[in-house]
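Comments concern the structure below.
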Amino acid sequence: MSETIHIYHTNDLHSHFTNWPSIKALLTERKRWHEEEGDFCLILDIGDHVDRSHPFSEGTAGKGNVELLNDACYDAATIGNNEGITLSKEELGELYVQADFDVIVGNLKDADGAVPSWAKPYHIIETKGGVKIGLVGATAEFTPFYKRLGWKISDGKEAIIQAVEDIKGQTDLIICLSHLGVKEDELLAEVCPDIDVILGAHTHHIFHEGKMIGNTLLGAAGKFGAYIGHVTIENSLKHKKADLIETSSLRNPDESFDECLVKKGKEQLMAPIFYNEEKLKAEWFKDSMMSELFGQALIEFAQADCALFNAGIFMGDMQEGEMTRYDFHKLLPHPINPCLIELTGAELKEIYLQSLNEEWPHIELKGLGFRGAIFGKIIHANMKLEGHRLYVNGELVLSDQLYRLITLDLFTFGYFFPALKRAPKTYFMPEFLRDVFSQFFQSKAIKK
């Protein structure tokens with residue numbers, strides 16, 4: 001075999017579009033260049049291209065991201081958790097209708113076990129030189145979220161191993177699109193040596209020159225479009241290497257690209273919600289009228305007894321005048337869902353006391369769905385500690401009585417409150433915090 005196989009890959013863009021014109025320009029140029037040389041070129045995305053914290057992705061329900069992938073001539077992609085669980089089942093079902101590329105995800109099915117029409121567990125491509133390349137892929141599980149949305153999610157590694165078993169006799173080379181995270185990728189390389197290349201995502205890790213585990217090459221390109229991954233396979237498939245291309249070193253043909261997408265997204269989100277008669281100021285380090293109303297909105301939405309959230313979720317003031325979908329998106333851009341948890345009075349008091357950690361308000365939180373800057377003060381809605389006694393709705397909390405606490409899903413992942421990770425809970429989906437808050441004001445306006 002004389003042809004060289006070039007694989008370019010991106011992951012975890014999270015709708016950071018500033019460098020996208022540079023990425024597109026390089027990918028389209030390289031693809032043309034390699035094909036003119038008689039070589040083969042694959043362009044792949046490993047998930048979380050969509051992030052609804054950006055107005056363009058919110059306004060187009062991710063379809064705008066798919067158009068960008070089409071324009072850059074991508075050949076295949078897998079989904080990340082941002083595609084999988086921040087869109088409703090209907091929105092995800094429609095996301096790839098116009099895609100010019102294959103969507104490879106082997107561990108997601110409908111509730112009845114059927115593979116969705118827009119996805120496939122594997123795909124086989126044959127180069128002009130006759131090399132048969134098998135693509136397999138899977139996404140991170142997040143089982144409670146997928147189940148709540150009506151999907152059936154299974155173990156990603158097992159799905160990939162099964163797909164490899166199904167195709168290894170038909171292929172010369174197997175490439176895995178893994179949105180499982182670096183630890184899972186490393187385990188996968190050990191237990192499934194038939195995979196030649198694993199392209200990773202989800203944990204935003206970086207392999208500047210790849211990582212070899214046995215005969216399997218691992219590649220990863222970080223996050224936010226800072227890098228483009230490049231894998232080269234040559235010498236009759238015996239030699240493979242990886243490197244990263246730093247996008248900041250490339251010429252950007254359109255410096256205003258992101259601004260244009262924000263404008264397009266804003267146009268899609270101009271539906272009015274209600275008329276705000278009084279400015280509400282965002283306060284990150286103390287209670288405010290905005291946080292009081294948000295707590296009320298959460299409690300009414302979930303029919304809960306009390307609420308707990310961090311004030312850093314508010315990304316700006318609510319100005320006087322007409323409030324649109326765009327305004328609420330700008331105020332609460334986070335892909336965070338409300339979560340209802342039943343706790344005994346003793347457990348609720350323990351959570352309350354933990355939330356008084358004086359270091360938390362100043363944390364510069366990254367991840368867990370939070371898209372703000374500072375964590376901010378913990379707000380306690382409808383509950384108050386007086387001395388050593390906790391009161392909910394003005395009544396003394398009883399240790400063995402059950403209480404319904406509405407909070408944010410980011411508090412259930414174990415980082416802040418380990419007990420909430422283990423507690424039985426109900427996630428509200430697909431509603432985000434901005435949906436709950438906007439519906440609250442909209443309902444009040446209608447009642448008037």
Side-chain angles (χ1 to χ4, degrees), residues 5-12 40-49 74-81 83-84 101-108 115 119-127 131-141 153-207 209-222 227-233 237 239-244:
I5 295 171
H6 294 272
I7 304 166
Y8 292 90
H9 57 102
T10 53
N11 60 273
D12 295 289
F40 185 76
C41 181
L42 268 179
I43 302 178
L44 309 172
D45 186 76
I46 321 299
D48 276 1
H49 194 281
Y74 275 70
D75 296 290
T78 193
I79 69 168
N81 43 289
E83 287 89 4
F101 51 88
D102 294 288
V103 182
I104 316 297
V105 53
N107 63 328
L108 183 70
V115 176
K120 55 182 70 173
Y122 58 81
H123 180 61
I124 299 175
I125 300 171
E126 185 170 355
T127 74
V131 177
K132 293 180 180 177
I133 303 174
L135 302 178
V136 298
T139 193
E141 289 177 58
I153 192 81
S154 61
D155 183 89
K157 287 201 310 299
E158 290 181 5
I160 289 168
I161 292 168
Q162 182 59 57
V164 169
E165 283 297 312
D166 291 341
I167 67 171
K168 67 181 183 181
Q170 310 169 49
T171 58
D172 305 299
L173 186 70
I174 296 179
I175 311 296
C176 176
L177 290 69
S178 169
H179 199 90
L180 303 181
V182 62
K183 297 300 182 185
E184 292 291 282
D185 291 350
E186 290 170 346
L187 287 171
L188 184 61
E190 293 177 358
V191 301
C192 192
D194 290 312
I195 301 175
D196 296 282
V197 178
I198 298 174
L199 302 177
H202 186 48
T203 45
H204 300 176
H205 53 291
I206 296 172
F207 292 139
E209 296 179 346
K211 178 177 180 178
M212 293 297 301
I213 297 180
N215 291 317
T216 302
L217 174 64
L218 277 64
Y227 297 99
I228 303 166
H230 178 212
V231 172
T232 306
I233 303 173
L237 308 182
H239 182 259
K240 47 185 178 276
K241 64 178 181 178
D243 64 277
L244 295 179

>> Do H202 and D48 pair up side chain to side chain, a donor and an acceptor below 3.5 Å, judged on atom types alone?
In response: no

>> Let's go through C192 and I160 carefully: what are the C-alpha distance in whole Å and the side-chain angles of both, what is the deciding distance for side-chain contact (heavy atoms from CB on, under 4.5 Å) to 0.1 Å, and is it a yes or a no?
In response: CA-CA 9 Å; C192 192; I160 289 168; 5.6 Å; no

> Ignoring hydrogens and geometry, is there a side-chain-to-backbone donor-acceptor pair from T78 to I46 under 3.5 Å?
Replying inline: no

> Step by step, would you call V231 with L199 a side-chain contact (heavy atoms from CB on, under 4.5 Å)?
Replying inline: CA-CA 9 Å; V231 172; L199 302 177; 4.1 Å; yes

>> Please identify which of these residues, T203, N81, T139, meets the side-chain hydrogen bond (donor to acceptor under 3.5 Å, both in side chains) condition with H179.
In response: N81

> What pair of heavy atoms forms the shortest contact from I195 to I198, and how long is it?
Replying inline: CG2-CG1, 3.6 Å

>> Just so I know, are the side chains of V131 and F40 near enough to count as touching, which here means a heavy-atom distance under 4.5 Å?
In response: no

> Hey, what do you get for CG (D196) to NZ (K168), rounding to the nearest 0.5 Å?
Replying inline: 12.0 Å

> Can you tell me if Q162 uses its side chain to pair, donor with acceptor, with the backbone of A159 under 3.5 Å?
Replying inline: no

> Roughly how far, to the nearest 0.5 Å, is the NE2 atom of H6 from the NE2 atom of H230?
Replying inline: 5.0 Å

> Can you tell if the side chain of K132 reaches within under 4.5 Å of the side chain of Q170, non-hydrogen atoms only?
Replying inline: no

> Are the side chains of F207 and V182 in touch, meaning some heavy atoms are under 4.5 Å apart?
Replying inline: yes

> Hey, what do you get for NE2 (H205) to NZ (K183), rounding to the nearest 0.5 Å?
Replying inline: 10.0 Å

>> Going by side chain to side chain donor-acceptor pair (under 3.5 Å), name the residues that satisfy it together with N107, two or more places apart in sequence or in a different chain.
In response: none

> Out of curiosity, I228 CD1 to L244 CG, how far, rounded to the nearest 0.5 Å?
Replying inline: 10.0 Å

> Is a side-chain N or O of E141 found less than 3.5 angstrom from the main chain of I153, in a donor-acceptor match?
Replying inline: no

> How far does OG1 of T232 sit from CD1 of I7, to the nearest 0.5 angstrom?
Replying inline: 8.5 Å

> So how far is it from I133 CD1 to I233 CD1, rounded to the nearest 0.5 Å?
Replying inline: 7.0 Å

>> Within the 4.5 Å heavy-atom criterion, are D185 and I213 side-chain neighbours or not?
In response: no

>> Looking at every non-hydrogen atom in both residues, tell me the closest pair between A163 and Y122 and how far apart they are.
In response: CB-CD2, 4.3 Å

>> Can you give me the closest heavy-atom contact between A76 and F101, atom names plus distance?
In response: N-CB, 3.7 Å

> Looking only at heavy atoms, what is the nearest atom pair of L218 and A189, with distance?
Replying inline: CD1-CB, 4.0 Å

>> What verdict does the side-chain contact (heavy atoms from CB on, under 4.5 Å) test give for H9 and L42, after you've listed the backbone C-alpha separation in whole Å, the side-chain angles of each residue and the deciding distance to 0.1 Å?
In response: CA-CA 8 Å; H9 57 102; L42 268 179; over 6 Å; no

> Hey, is CD on E209 packed in by over 12 heavy atoms from elsewhere, all under 6.0 Å?
Replying inline: no

> Do you know which two heavy atoms are closest between C176 and L188, and how far apart they sit?
Replying inline: SG-CD2, 3.9 Å

> What is the minimum heavy-atom distance between A220 and N11, and which atoms define it?
Replying inline: C-OD1, 4.3 Å

> Would you say N215 has more than 12 foreign heavy atoms packed within less than 6.0 Å of its CG?
Replying inline: no

> Got K120 and I104 here, is their nearest side-chain heavy-atom distance under 4.5 Å?
Replying inline: yes

